[in-house]
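For reference, the structure is listed below as structure tokens.
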Amino acid sequence: MTLHSSTYKPEQLDVHFSEAQLQARIQEMAAEINAAYPNCEKLIIIAVLKGSFMFLADLVRHIKIPCQIEFVRLASYGDGQTSSGTVQAVDLSLPSLTNEDVLIVEDIIDTGLTLNFFMDYLTSLHHTRSLKLAVLLDKKEARQKDVRVDFSGFPVGNQFLVGYGLDFAGYYRNLPFIGVVQ
Ligand code: 5GP
Ligand code: MG
């Protein structure tokens with residue numbers, strides 16, 4: 001489906017998770033993460049761009065562990081509503097992660113191809129002390145590759161979601177809620 005840019009209007013979405021629901025769950029997730037790293041002196045958080053930027057920004061405000069924030073950029077959807085099946089590594093530059101506690105932050109896990117690729121990449125190059133994964137949304141039914149999710153915000157069905165970082169052809173990332181295109 002191709003839409004003209006003037007049709008990408010927030011009023012054409014059904015709200016799936018409101019701003020209040022997202023913020024409440026993200027605070028709980030941050031509490032789970034804080035509790036999972038007792039006495040941790042440094043956590044390296046790696047966010048997968050572009051979709052995770054809003055989730056990351058809200059999540060880290062509630063993280064009490066001293067942390068460094070890094071970014072990688074991976075792409076798999078192109079302009080469509082389904083995964084292309086190939087993961088494009090747009091930017092994988094990272095500092096040394098040797099003996100570090102590393103938390104990956106991702107907006108949504110769908111087929112699992114993106115995170116399976118990235119976890120394999122990290123574990124083949126870096127000997128981290130620990131490696132965990134936090135995702136805001138988990139589309140379990142769509143999974144093709146097994147990936148261990150340590151912190152999960154909401155389970156979701158097999159539908160195409162937009163807003164709060166998630167795009168459709170580049171649009172809707174700015175919305176404070178998550179919606180479904182009608
Ligand atoms: P996977 O590799 O697990 O199939 O997909 C991961 C990536 O696909 C996510 O980081 C996200 O960019 C994109 N994606 C998966 N499901 C959705 C969705 O419902 N809406 C949007 N906008 N992107 C999605
Ligand atoms: Mg993503």
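Starting from 1, each residue takes its place in the sequence as its number. Atoms within each ligand, like the ligands themselves, are counted from 1 in listed order. Note that the coordinates shown come from a computational prediction; the quantities given were computed from them, not determined experimentally.
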### Task
Determine whether the side chain, the backbone, both or neither of Gln159 has a heavy atom under 4.0 Å from any heavy atom of ligand 1.
backbone
### Sub-4.0 Å atoms of ligand 1 with respect to non-hydrogen atoms of Asp167
21 (C), 22 (N)
### Task
Counting heavy atoms only, name the option from Val87, Ile178, Leu166 that's nearest to atom 23 (N) of ligand 1.
Leu166
### Message
As a test of understanding, state which of Ile178, Asp107, Ile109 forms a side chain to side chain contact (heavy atoms under 4.5 Å, CB included) with Leu137.
### Response
Ile178
### Query
What atoms of ligand 1 come closer than 4.0 angstrom to any heavy atom of Asp107?
9 (C), 10 (O)
### Message
If the condition is salt bridge (charged side-chain N to carboxylate O under 4.0 Å, His left out), which residues does Glu28 pass it with, not counting sequence neighbours?
### Response
Arg25
### Task
Give the numbers and elements of all ligand 1 atoms closer than 4.0 Å to a heavy atom of Lys139.
16 (N), 17 (C), 18 (C), 19 (O)
### Task
Could you pull out the closest heavy-atom pair between Pro176 and Leu22, with the gap in Å?
O-CD1, 3.6 Å
### Task
Using non-hydrogen atoms of the residue, decide whether Phe168 is closer than 4.0 angstrom to ligand 1.
no
### Query
Going by the order shown, which atoms of ligand 1 are within less than 4.0 Å of some heavy atom of Thr114?
1 (P), 2 (O), 5 (O), 6 (C)
### Task
Over all heavy atoms of both residues, which pair between Leu43 and Cys40 is shortest? Give the atoms and the distance, please.
N-SG, 4.1 Å
#### Entry: Under 3.5 Å: N/O of Leu161 near N/O of ligand 1
yes
### Task
Please say whether Gly112 places an N or O atom under 3.5 Å from an N or O atom belonging to ligand 1.
yes
### Query
With sequence neighbours left out, what residues match Asp138 under salt bridge (charged side-chain N to carboxylate O under 4.0 Å, His left out)?
Lys140, Arg143
### Task
Report yes or no: does Gln23 contribute a side-chain atom to a donor-acceptor pair with the main-chain N or O of Ala20 at less than 3.5 Å?
no
### Query
What atoms in ligand 1 come closer than 4.0 Å to a heavy atom of Glu106?
10 (O)
### Task
May I ask you to list the atoms of ligand 1 that are less than 4.0 angstrom from any heavy atom of Leu113?
2 (O), 3 (O)
### Message
So that I know where these two stand, are Phe177 and Tyr164 an aromatic pair - ring centroids less than 6.0 Å apart?
### Response
no
### Query
Is Ser52 reaching over with its side chain to a backbone N or O of Phe55, donor-acceptor style, under 3.5 angstrom?
no
### Task
Return yes when Val162 approaches ligand 1 closer than 4.0 angstrom through a heavy atom, no otherwise.
no
